[in-house]
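Step one of this worksheet: look at the structure below.
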Amino acid sequence: MGIHEESRREKLRKLTELGVDPWGQRFDDHQAIGEIRARESEIIVEPIPEGARDAPQSGPKVRAAGRIMLMRSKGKLMFLDLQDWSGRVQLMMGRKQVGEDAWAIAECLDLADLVGVDGELKRTRTGELTIFVEKLTFLTKCLEPPPEKYHGMTDAELRQRMRYLDLTYSDGVLERFLRRTKIVQSIRQTLGGEGFVEIEGPTLHAIAGGAAARPFVTHHNALDMQLYLRIALELHLKRLMVGGMERVYELGRVYRNEGISPRHNPEFTMLEVYQAYGDYGSMMDLTEKLIVDAIDAAGLPRELPWGENATINFEPPFARKTYDELFAEHAGVDPNDADAVSERATKLEIETAGRHADVIKNDVFEELVEDKLMGPIFVTDYPASICPLTKRKADNPQVAERFELFIQGMEVANAYTELNDPDLQEELFRTQLKGLAEDDSMAKMDHDFIRALRSGMPPAGGLGVGIDRLIMLLTDSRSIRDVILFPLLRPEQET
RNA sequence: GAGGCUGUAGCUCAGUCGGUAGAGCAACGGACUUUUAAUCCGUAGGUCUUGGGUUCGAGCCCCAACAGCCUCACCA
């Protein structure tokens, strides 16, 4: 046991001797510190009497509970900063004012302990809003020394492994995750308002379809079968549209067995929305509404900061450009001239031999265009051959009715006019499979899904949104790990 | 999977040319009833991530492993 824990355990023992439960009890009717601070105006200050030093004050009686963040002991008087999830307030506790019994408890306090207090809200001589403690209730002992009181925790690894400390001791972290919750709530509210119903699809899939990604593999013992954690929500939601769920969505976790980066975590949160009798145009309008509503619900301005100097302007309508327009603009090559595109690809050291022209074209697009799309911008009308789940344009089967929303070079949303022709779907599954490792293909043959389409899926628009990335953009976070409470880490070494 | 950077006290960080391991905060003891990262006096706290190697001598140089971060690849 280290010296810190030793001294804290000693105080825990003393508390027990004093008849105090060091792990606390129910503490009713306390007010959020943020609300307590808002009662500042109720403080009444009288004129300073002749010969006196301080003006008599009277303030509201308040009750607060929280964690001790700072302690300044001045002998028989101590100042503490108490923090809860709504804010921080100073406490003043005097030996004379609280009495000997409470003072004995106060002498057992350590930084990071949890306490409740009753007292009067007033100001100190220096004007600091302060609860003048009349009653102290010990709530929970902390056995670990907290991070440094000024710098907090800066080590990225510690902050992720010990998120519980990061939330308390790093500025803005708790606020960021609470904002995430507000944004997700807003998305559900917007969708509900538009008549969409939320469902819960299976996360264990026999076939990991609906996207191109390597799945996590697991095994069900009783059925002795291989299962995959879902990589997308798409195919089950579409089955539900066949079943008559005309406006349906799922907002949940998907799992991809891929690399980890500032923009990738093996498990992440995806929203997929399907609207019968809509198309990708209806999804574009919905996407804007979802984002703008979320910004409003979080109490944010439409123009948000991004990094040191940049801002992102979310004022709708977002820019819209076709894939080919952007391709011509950034690659300087006619997007319909396959030879010129191939030549451009070769210059970029992109493999061209034996590869489909649209795959090469898309590699060039990803290399030269995507990073430059600061957006928000809807990129529309993708090459059909790279979109096996998407309906083709009626007047041009080479082009798929698909858009992706890019913001700060990140793909945030992806939407289709959904392909509902079962024969074409089956054919596209088969052609996609050709020459591709199964894991690398977006189209894994799913006979049950084809069978569902044969029963008639209404023409529809579908939308996928990477929720974590959207949260990053709305919270000015450069890493996905800053918006996921417990990102995946290797296990800690045992020492 | 490849490359670069980082790893020193509970936390935040110094550590010169290879020559006895440092500071602040936190802790402990003392003073202090209006402090604000309180202040002042004193005390204690280290397997320098781990394992090898070079050297009379390694926190420092070399090799490897582990972990984190960044870049790239895969991907959203």
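Just so it is clear, the model here is predicted, and its values are computed rather than measured. To find a chain, count down the sequence lines: A is the first, B the second, and so on, and within it residues start at 1.
Counting to the nearest Å, the C1' atom of rA38(B) and the CE atom of M71(A) are 13 Å from each other. If you measure from atom CD of E366(A) to atom P of rC74(B), you get 8 Å, rounded to the nearest angstrom. Taking atom CG of D166(A) as the reference point, atom C1' of rG68(B) lies 14 Å away to the nearest angstrom.
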Under 3.5 Å, side-chain donor or acceptor atoms of residues 38-46 of chain A against the rest of the protein: list the pairs with distances, not counting sequence neighbours.
from	atom 1	to	atom 2	distance (Å)
R39(A)	NE	E42(A)	OE1	3.4
R39(A)	NE	E42(A)	OE2	3.0
R39(A)	NH2	E42(A)	OE1	3.0
E40(A)	OE2	R123(A)	NH2	2.3

Could you give the side-chain donor-acceptor pairs of residues 102-111 of chain A under 3.5 Å, partners two or more places apart or in another chain?
from	atom 1	to	atom 2	distance (Å)
D110(A)	OD1	K11(A)	NZ	2.4
D110(A)	OD2	K141(A)	NZ	2.8

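In a base pair of the Watson-Crick type (N1 to N3 plus N6-O4 or O6-N4) or a G-U wobble (N1-O2 and O6-N3), with each distance short of 3.5 Å, rA37(B) is matched with no nucleotide. Across the strands present, rA2(B) finds its partner in rU71(B); the criterion is a Watson-Crick or G-U wobble pair with both atom distances under 3.5 angstrom. rC28(B) is paired with rG42(B) under the Watson-Crick or G-U wobble criterion, all donor-acceptor distances under 3.5 Å. Nucleotide rU47(B) has no partner under the Watson-Crick or G-U criteria, as no pair reaches both atom distances under 3.5 Å. As the counterpart of rG57(B), no nucleotide is assigned, since no Watson-Crick or G-U wobble pattern has both distances under 3.5 Å. Searching all strands for a Watson-Crick or G-U wobble partner of rG7(B) with both distances below 3.5 Å returns rC66(B).
Side-chain proximity of T154(A) to rG68(B), rU33(B), rU12(B): nearest is rU12(B). The side chain of R161(A) sits closest to rG68(B) out of rG68(B), rA37(B), rU33(B). Comparing rA27(B), rU35(B), rU34(B) against the side chain of Q90(A) picks out rU35(B) as the nearest. Taking only side-chain atoms of L70(A), from C-beta outward, the nucleotide of rU12(B), rA38(B), rA76(B) with the closest atom is rA38(B). Side-chain proximity of F79(A) to rA76(B), rC11(B), rU34(B): nearest is rU34(B).
On the P atoms, rU16(B) is 39 Å away from rG30(B), given to the nearest whole Å.
When the side chain to side chain contact (heavy atoms under 4.5 Å, CB included) test is applied to P145(A), the partners found at least two apart in sequence or on another chain are H4(A). For T130(A), the side chain to side chain donor-acceptor pair (under 3.5 Å) test picks out Q90(A), with sequence neighbours left out. Legend: residues meeting side chain to side chain contact (heavy atoms under 4.5 Å, CB included) with T168(A), ordered by chain and number and at least two apart, are R67(A), M69(A), Q83(A). Annotation: side chain to side chain contact (heavy atoms under 4.5 Å, CB included) contacts of K76(A) (sequence neighbours excluded): R95(A). Residues passing the side chain to side chain contact (heavy atoms under 4.5 Å, CB included) test with P305(A), sequence neighbours excluded: D476(A).
With R344(A) contributing its side chain and A331(A) its backbone, the two residues share a donor-acceptor pair below 3.5 Å.
Judged as a salt bridge (charged side-chain N to carboxylate O under 4.0 Å, His left out), the pairs with a partner in residues 369-391 of chain A (not counting sequence neighbours) are, in order, D381(A)-K393(A).
Rounding to the nearest 0.5 Å gives a distance of 11.0 Å between CD of Q160(A) and CZ of F486(A).
At a cut-off of 3.5 angstrom, the base of rU35(B) holds at least one donor-acceptor pair with the side chain of R72(A). For E128(A) and rU35(B), a side-chain-to-base donor-acceptor distance below 3.5 Å is absent, hydrogens and geometry of angles not being considered. A donor-acceptor contact under 3.5 angstrom links the side-chain atoms of T124(A) to the base of rU35(B).
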Tabulated below should be each protein N or O lying under 3.5 Å from an N or O of nucleotides 3-6 of chain B; please produce it.
none

Which atom pairs link the protein and nucleotides 28-30 of chain B when you take only N or O atoms and keep those under 3.5 Å?
from	atom 1	to	atom 2	distance (Å)
rC28(B)	OP1	K11(A)	NZ	2.4

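At the heavy-atom level, R490(A) lies under 4.0 Å from the strands shown only through sugar-phosphate atoms. Looking at heavy-atom distances under 4.0 Å, G464(A) makes no contact with the nucleic acid at all.
Annotation: proximity of residues 473-482 of chain A to RNA chain B (heavy atom, distance under 4.0 Å) is found for I480(A), R481(A), numbered in ascending order. For the segment residues 54-66 of chain A, no residue has any heavy atom less than 4.0 angstrom from an atom of RNA chain B.
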